[in-house]
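Heads up, the thing below is written out as structure tokens.
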Amino acid sequence: MAVLHLSEQELARLASELHAALPSLDVDEQKIARAVHRLLAEGEPVPESRIAHTAGVASDRVALALETWPGFVQRDERGDVVGFWGLTVQELSPHRLEVAGRQLWAWCALDALFLPFVLGRTAHIESVCARTGESLRAVVGPDRVEEVSPPGAVISLLRPEGPFSQDDTLSFCHHVLFFTSTEAGEQWIGDRQDHFLLTLEQGFELERRVWEAKYAAALTPARATS
């Protein structure tokens, strides 16, 4: 399958499908989730007390929210958060990000593209082609993909079939990968009819729309103080 160049209508529809597959967040939950992402970007495990302070939300509300997001929260032996919704401070995947001099990891290729937007910071991404093992690099800012090497790099994606569960979160990530070329991506996809390829630029724009809607009540003020 060749790389898709989604029309405006197709991009909007796919963004809506991905947005709907993720948990709905009320205003407090948006503040909590936004705070966890920002704190994890400092490169260290995050205790719930810091999340509550940063989000300006009661501790018991933070605890409840984190417990109701199975599959989206990873903790260490002390109970501190070490991974959340696409971002982790532990070496979990081949998708490494350098943000403000700190080493972080994304859960999947698409996560690596949305995190710079959510964090309001530029990320230097290093990963590998899932087909060839060749190195792949990108510089992604809060507003756009700035550099890609090699220039023809793409990501694989599949449409969600419904809301993500804990198992779906992991299985979905296994299908969302970087490739150094369309040819490599097509070889990996093979006869998988539900998979397709996107340029990194369209992948970024897709995720920007998803997370702009998901964090609608918390994103603007949080980014303004980043």
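These numbers were taken from a predicted model, which means no experiment stands behind them.
- For the atom pair CH2 of Trp105 and CG of Leu87, the computed distance is 10.5 Å after rounding to the nearest 0.5 Å.
- Using a 4.5 Å heavy-atom threshold, the side chains of Leu40 and Leu104 count as separate.
- Relative orientation of the Trp85 and Trp69 rings is tilted, given thresholds of 30° and 60° on the angle between their planes.
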Quiz item: After noting the C-alpha distance and the side-chain angles of Thr54 and Lys31, does the key distance pass the side chain to side chain contact (heavy atoms under 4.5 Å, CB included) rule?
Solution: CA-CA 9 Å; Thr54 301; Lys31 292 178 180 178; over 6 Å; no
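- Taking the side chain as every heavy atom from C-beta outward, His95 and Phe178 approach each other to under 4.5 Å.
- Hydrophobic clustering keeps Leu113 apart from Val128 (ILVMFWY residues linked when any side-chain heavy atoms are closer than 4.5 Å, directly or through intermediates).
- Taking both residues in full, the closest heavy atoms of Thr122 and Gly141 are given as OG1-CA, 3.7 Å, listed atom of the first, atom of the second, then distance.
- The line from NE2 of His175 to CG of Leu157 is 11.0 Å long, rounded to the nearest 0.5 Å.
- Residues His195 and Ser156 have side chains that never bring a donor and an acceptor to within less than 3.5 angstrom of each other.
- Using a 4.5 Å cut-off between side-chain heavy atoms of Ile, Leu, Val, Met, Phe, Trp and Tyr, with links allowed through other members, Leu200 and Leu158 fall into the same hydrophobic cluster.
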Exercise. Show your working on side chain to side chain donor-acceptor pair (under 3.5 Å) between Glu183 and Ser181 and close with a plain yes or no.
Key: CA-CA 5 Å; Glu183 180 182 6; Ser181 67; 5.0 Å; no
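- Between Ala106 and Ala112 the shortest heavy-atom distance is CB-N, 3.6 Å.
- Ion pairing of Lys214 with Glu207 is absent here, as no side-chain N (NZ or NE/NH1/NH2) approaches a carboxylate O to less than 4.0 Å.
- Criterion: ILVMFWY side-chain heavy atoms under 4.5 Å apart, direct or through other members. Under it, Val139 and Leu115 are not part of a common hydrophobic cluster.
- Interatomic distance, CZ of Arg209 versus CG of Leu18, reported as 12.5 Å (0.5 Å rounding).
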Quiz item: Run the side chain to side chain contact (heavy atoms under 4.5 Å, CB included) check on Glu201 and Arg144 step by step: do they pass?
Solution: CA-CA 7 Å; Glu201 289 79 7; Arg144 65 186 179 92; over 6 Å; no
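- At a cut-off of 3.5 Å, with distance as the only test, no side-chain donor of Gln90 or Thr88 sits close to an acceptor on the other residue.
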Practice problem: Give the intermediate values and the outcome of side chain to side chain contact (heavy atoms under 4.5 Å, CB included) for residues Leu177 and Phe179. | Solution: CA-CA 7 Å; Leu177 305 165; Phe179 299 92; 3.9 Å; yes
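- In this structure, Glu98 contributes its side chain and His124 its backbone to no donor-acceptor pair below 3.5 Å.
- When the ring pair (Phe, Tyr, Trp, His ring centres under 6.0 Å) test is applied to Phe114, the partners found at least two apart in sequence or on another chain are His37, Trp211.
- Remark: side-chain polar atoms of Glu67 are not paired, donor with acceptor, to backbone N or O of Leu64 under 3.5 angstrom.
- Atom-to-atom distance recorded for Arg50:CZ and Glu44:CD is 9.5 Å, nearest 0.5 angstrom.
- Exactly one residue among Leu110, Val140, Leu198 makes a side-chain contact (heavy atoms from CB on, under 4.5 Å) with Phe204. That residue is Val140.
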Exercise. Check the pair Arg159 / Glu17 against salt bridge (charged side-chain N to carboxylate O under 4.0 Å, His left out), numbers first and verdict last.
Key: CA-CA 8 Å; Arg159 292 183 181 276; Glu17 290 173 0; 2.8 Å; yes
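- The same ILVMFWY cluster, assembled from side-chain heavy atoms under 4.5 Å apart, contains both Val73 and Val57.
- Closest approach of Ile155 to Ala109, counting heavy atoms only: CG2-CB, 4.0 Å.
- Between Ala63 and Glu48, the shortest heavy-atom contact is CB-OE1, 3.5 Å.
- Residues Leu22 and Phe72 are in side-chain contact: their nearest non-hydrogen atoms beyond the backbone lie under 4.5 Å apart.
- Between Leu25 and Ala33, the closest heavy-atom pair is CD1-CB, 4.4 Å.
- Atoms CH2 and CZ, on Trp188 and Arg131 in that order, are 11.0 Å from each other to the nearest 0.5 Å.
- Counting non-hydrogen atoms of other residues, nucleotides and ligands closer than 6.0 Å to CD of Glu42 gives a total above 12.
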Self-check item: Trace of the side chain to side chain contact (heavy atoms under 4.5 Å, CB included) decision for Tyr215 with Val118
Solution: CA-CA 9 Å; Tyr215 278 177; Val118 167; 3.6 Å; yes
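- In this structure, CG in Leu66 is found 10.0 Å from CZ in Arg61, a value given to the nearest 0.5 Å.
- For the pair Val82 and Arg75, the minimum side-chain heavy-atom distance is 4.5 Å or more.
- Two residues are said to be in side-chain contact when any heavy atoms from C-beta on lie closer than 4.5 Å; Asp80 and Val46 fail this criterion.
- When all heavy atoms of Cys108 and Val176 are compared, the pair lying nearest together is CB-O, 3.7 Å.
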I'd like a table of donor-acceptor pairs (distance under 3.5 Å, sequence neighbours excluded) in which one partner is a side-chain atom from residues 146-154, with atom names and distances.
none

